[in-house]
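This is a predicted model, so every value here is computed, not measured. Along the sequence shown, residues are numbered consecutively beginning with 1. Every heavy atom of this structure was used, including side-chain atoms; hydrogens, water molecules and symmetry mates were not.
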Amino acid sequence: MSTSVTGAARPHLSELLAPERIAIVGASRNPRSLAARYLDHLLRHRFPGELIPINRSASEVRGIPALPSLEAVDGPIGCALITVPDEAAIEAAITAAGLGVGVVVMFTSGFAETGDRGRERQAELTAAFRGSGSRLLGPNCPGFVNAAARIGASVSAFVGGHDIPSGGVGIVAQSGAVGGL
């Protein structure tokens, strides 16, 4: 772990780029739902680590045992992908920060990009993560891809429909529209 200016322990970039365990909060059994894409894409690209679907009402998702909450996960979580809407997303992200999840990727929108109320909600997230030891990618983030580590943790339709070869080029995009091209 590295140490920030404030002295709080922070995860290395490897927890984002190559986590050993990924929890998908809101993993859906409905293959047509947007929330199902994270798990589908991770399976398609053969993520080599442990996948932990989080679903309050299902005991399994896509044949993988599911848990009802992040608190029910035994042991550390390198990355949590948050796909639930609104207040449930804020609650899940704050819980993840409290549990010390390395990196939280939050797909949910409706934050600073929407005006004053959204900025207040985003400030609540920022406060929860400050000093927690966890990092937040998002909110309103389509995810990330690391072809070398076989991680397709994105809702981008491109990621779901294409093999992404590993190579010597990296792309960082602020926009899902640009990053998915």
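Scored by the side chain to side chain donor-acceptor pair (under 3.5 Å) test, Asp74 finds no partners at all (sequence neighbours excluded). Partners of Ala72 by side chain to side chain contact (heavy atoms under 4.5 Å, CB included), not counting sequence neighbours, listed by chain and number: Leu67, Pro68, Ser69.
Phe129 places none of its side-chain heavy atoms less than 4.5 Å from the side chain of Ile94. Contact check for Ile82 versus Val104: side-chain heavy atoms found under the 4.5 Å cut-off. Residues Ile52 and Ile22 form no side-chain contact, since every pair of their non-hydrogen atoms from C-beta on lies 4.5 Å or further apart. Looking at Arg21 and Leu51, their side chains never come closer than 4.5 Å, going by heavy atoms from C-beta outward. The shortest side-chain heavy-atom distance between Met106 and Phe111 falls under the 4.5 Å cut-off.
To the nearest 0.5 Å, the span separating CG on Leu137 from CZ on Arg135 amounts to 11.5 Å.
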Identify each donor-acceptor pair in which a side-chain atom of residues 23-36 lies under 3.5 Å from a protein atom, sequence neighbours left out, and give them as a table.
{"residue": "Ser28", "atom": "OG", "partner": "Asn30", "partner atom": "N", "Å": "3.0"}
{"residue": "Ser28", "atom": "OG", "partner": "Ser33", "partner atom": "OG", "Å": "3.1"}
{"residue": "Arg29", "atom": "NE", "partner": "Glu60", "partner atom": "O", "Å": "3.4"}
{"residue": "Arg29", "atom": "NH2", "partner": "Glu60", "partner atom": "OE2", "Å": "2.8"}
{"residue": "Asn30", "atom": "OD1", "partner": "Arg32", "partner atom": "N", "Å": "2.9"}
{"residue": "Ser33", "atom": "OG", "partner": "Asn30", "partner atom": "O", "Å": "3.0"}
{"residue": "Ser33", "atom": "OG", "partner": "Ala36", "partner atom": "N", "Å": "3.2"}

### Message
As a quick check of understanding, evaluate side-chain contact (heavy atoms from CB on, under 4.5 Å) for Val73 and Ile54, giving each step before the final call.
### Response
CA-CA 9 Å; Val73 176; Ile54 305 295; 3.9 Å; yes
### Message
Is there a side-chain contact (heavy atoms from CB on, under 4.5 Å) between Val105 and Cys79? Walk through the geometry before answering.
### Response
CA-CA 7 Å; Val105 180; Cys79 179; 4.0 Å; yes
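Between Arg121 and the options Glu113, Glu87, Glu91, a salt bridge (charged side-chain N to carboxylate O under 4.0 Å, His left out) holds for only Glu87. When each of Ser57, Ser59, Pro53 is paired with Asn55, the side-chain contact (heavy atoms from CB on, under 4.5 Å) condition holds for Ser57 and for no other.
Here the closest heavy-atom approach between residue Pro139 and residue Leu136 is recorded as CD-CD2, 4.4 Å. Of all heavy-atom pairs spanning Asp86 and Thr108, the tightest one is N-CG2, 3.5 Å. The two residues Ala96 and Leu70 come nearest to each other via the heavy atoms CB-CD1, 3.8 Å. Closest heavy-atom contact between Leu125 and Ala93: CD2-CB, 3.7 Å. Heavy-atom minimum distance, Ala128 versus Ser132: O-CB, 3.6 Å.
Surrounding CD of Glu50 are more than 12 heavy atoms belonging to other residues, nucleotides or ligands, all under 6.0 Å away.
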